[in-house]
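Have a look at the structure below, then the notes.
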Amino acid sequence: MADLRRSASMGAKACSSPIKRGGGGDDGTAGMPLVAEWGEEDERHARYSPGSGCWGRERYSKPFSSLWPFVPGGDDPRALSSRFPAAHRAFLVFLGFFLIVGLVCLPSLWSRLSEDVGGSFVPKSLMSTSGRTVKESPSLWENPYSATSSWKPCAERRDDELSGMYLPPENETTGYIFIHAEGGLNQQRIADLLIDLVLKFEDIFDVDHFIDYLKNDVRIVRDIPPWFTDKAELFTSIRRTVKNIPKYASAQFYIDNVLPRVKEKKIMALKPFVDRLGYDNVPSEINRLRCRVNYHALKFLPHIEEMSDQLAARMRNRTGGSNPYMALHLRFEKGMVGLSFCDFVGTREEKAMMAAYRQKEWPRRYKNGSHLWHLALQKRKEGRCPLEPGEVAVILRAMGYPKDTQIYVASGQVYGGQNRMAPLRNMFPNLVTKEELATKVELDSFRKHVTSLAALDFLVCLKSDVFVMTHGGNFAKLIIGARRYMGHRLKSIKPDKGIMSKSFGDPFMGWASFVEDVVITHQTRTGLPEETFPNYDLWENPLTPCMCKA
C-alpha cells in the first residue's frame, strides 16, 4: 500500500509537502521530522488542481458568514418566520439533529483518532467486516499469547547415543582442546564448546556451575594436566595450534582435520575459535548442546546477577509505581559509524573528520573516497546502515510508545554526543543508562573488567519488557535468542531498516501513512516464533533445534 501511495504522489507535480518539519507541542511531537498536516480522510478526498498541477484539497477563501445563506439579519422571531419558508425551517431542524449526534459521537471519534496516531494501532487486517477484532488486540508490551504458546524449550533433552554414559574415563581421553576465551562477552558466549576444555573465564561466569551442568556432555578441566610440563609451549608452538579453520565449517571438517591432530599431540589449541562450526550440517544433538551451553550452563556470577536485578527493579519503579520498561541497544559508536561506510546527517566539518577517520582506519576500503557516495546509498537501501537515535525515536513513536516510556539504553559512546542524542531524549525524556541508575560506588567493582559492565547491560536488556535493537551484532542476537527461548512472549523488536529508509526518504508521506507502514511492517518482527532455515544463526533463533512443539 505504501508503494502505491508513493507511486501516485510521485506522478504529480509537487507544490508543497504534506509533511511539516519540526512541529511544536506538548504531546511529544516537538522536533519530530514527520508531523502530519493531512489526515487519512484528507488523503482520500484529495483533488487534483489542473491550474496548479498539484494534488490538494480545495481551499475556501469566502468569509465564514458567506457560507451560510440562510442566516437572517437581526434576532426578531417574526423576521425569522417571515424570511424563512417551511423548507428552510425543516432544513435547520435536520441540521440541528446531526449537530447533536455529532457532539455525542465526538469523544469516541477523538479516541479512535488518538489511537491511530499515538496509541495501539489496529491494522485493517485484524478487523472483521463488522468492525470487531477477530484476533487478540495488539499490545505494546508483549506478544499475543495465542501466537507464542505452541513452543517450549527442550534443549535439555539428550539423545541416548550421545549421552554422557559413553564418555571415556579421564585417563583414556582422546586429547584436550585448549580454549582461550578471546574477545568480549559476546564472543565468549557463542564459542562452540565441544570437546575436553581448559577454560578461564571466571571473571564473569560461574565456572563450577558450568562444569557441573555439562558433566554428562563433555569433560571440562580447570587446568592443563600435570603431565604437560611446558605450558608456555602451548601458546608459542605452531605444532600445537590448528589455524585457518573455515567459518561455519562442517562437522566432518573437524573429524577429518582436527581430531587426528588432537590424538597425535594430545593438547591442541584452535585459532580462531568463534563461529567455526556450521549450524545446518551438524547432528541435531550438537545444536541442542549449543543451546544447553548458552541458555543453561552459562550463568553469570552471583554479584552480577544481583546488581542486574537491582537495576531492573529501579527501572520499573522510577516513577514510584510499577511500570514496564524498554531496553534499547543503541549501536552508533564512532567505530560502528565509520566501519558502516554509510552517510549520516551532520555538518561539513563532521563529514570531513569522518572521511579522514575512515581513510586512516580502513585505507584499502576507502581508496580515494570517490566510490563511497554510491556505496552509502546502496547500503542504506538494503538496510545495512545503523539507525540514528532520532530515527529510532520516530519509529518507536509510530509504533505507539508514549512519551513517558521508561527506556534503558545499552550503548557505547554515541557518535556525535548529546547533539546526536537530543531527538531521542526530547521524544523520550525518561531515558537512562546504568551510570544514571547506579551510584559510582556500586559500579566501581564492575569497572575492573569491561566484560562485567557489558554483562550488566546484557542482563538488564534480557529482563526488559521490550527489547529494541538498532543494528546487527552478537549482543543483540544473543538477547533476542534468549528471549525467544524463554517463550517468545517478551517483545524483541528488530526494525526493518531497508523499508524504514524508504519511508524516511519519502517527502510525500504524511504521519498517518508513516504510522501505518511502521505498524504493518513490524507485526512479525517482534520475536514471534518463526521456523529456521539452513545457515540460520541459532543464537538469534533457537526454535527448531532447541525448542519443541508444546
Does a side chain donor of either [X] or [Y] reach within less than 3.5 Å of an acceptor in the other side chain?
X      : Y      : answer
Ser464 : Arg483 : yes
Ser501 : Arg380 : no
Asn143 : Thr526 : yes

Practice task
Report yes if some heavy atom in the side chain of Val432 is under 4.5 Å from a heavy atom in the side chain of Ile407; otherwise report no.
Solution key: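 Contact flag for Val432/Ile407 side chains = no.
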
[atom1] of [X]: more than 12 outside heavy atoms within 6.0 angstrom?
X      : atom1 : value
Arg447 : CZ    : yes
Glu436 : CD    : yes
Lys351 : NZ    : yes

Counting N and O atoms only, with roles assigned by atom type, does the side chain of [X] sit under 3.5 Å from a partner on the main chain of [Y], one being a donor and the other an acceptor?
X      : Y      : result
Glu516 : Ser513 : no
Arg425 : Leu431 : yes
Arg316 : Pro324 : no
Ser503 : Asp517 : no

Practice task
Test side-chain hydrogen bond (donor to acceptor under 3.5 Å, both in side chains) on Tyr357 and Trp362 and set out the steps.
Solution key: CA-CA 8 Å; Tyr357 173 70; Trp362 303 280; over 6 Å; no

Handout entry: Ring centres under 6.0 angstrom apart (Tyr295, Tyr485)
Key =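 When the ring centroids of Tyr295 and Tyr485 are compared, they turn out to be within the sub-6.0 Å range.
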
Practice task
For this output row, return yes or no: ring centroids of Trp141 and Tyr325 closer than 6.0 angstrom.
Solution key: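 Ring centres of Tyr325 and Trp141 not closer than 6.0 Å.
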
Tell me whether the rings of [X] and [Y] are parallel (<30°), tilted (30 to 60°) or perpendicular (>60°).
X      : Y      : result
Phe205 : Phe300 : parallel
Tyr415 : Phe332 : tilted
Phe504 : Phe514 : tilted

Handout entry: Partner of Asn430 under side chain to side chain contact (heavy atoms under 4.5 Å, CB included), chosen from Asn323, Thr405, Asp404
Key =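 Considering Asn323, Thr405, Asp404, a side chain to side chain contact (heavy atoms under 4.5 Å, CB included) with Asn430 is found only for Asp404.
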
Practice task
Kindly determine whether Glu435 and Thr433 satisfy side-chain hydrogen bond (donor to acceptor under 3.5 Å, both in side chains), including the steps that lead there.
Solution key: CA-CA 5 Å; Glu435 287 78 13; Thr433 62; 3.2 Å; yes

Practice task
Taking all heavy atoms of Arg358 and all of Tyr366, pick out the closest pair and write down the distance.
Solution key: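 Nearest heavy atoms, Arg358 then Tyr366: CB-CD1, 3.9 Å.
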
Handout entry: Pair Glu540 + Lys494, salt bridge at N-O below 4.0 Å
Key =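 Counted as a salt bridge, because a side-chain N and a carboxylate O are separated by less than 4.0 Å.
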
Practice task
Test side-chain contact (heavy atoms from CB on, under 4.5 Å) on Ile493 and Arg525 and set out the steps.
Solution key: CA-CA 6 Å; Ile493 299 174; Arg525 299 180 69 87; 5.9 Å; no

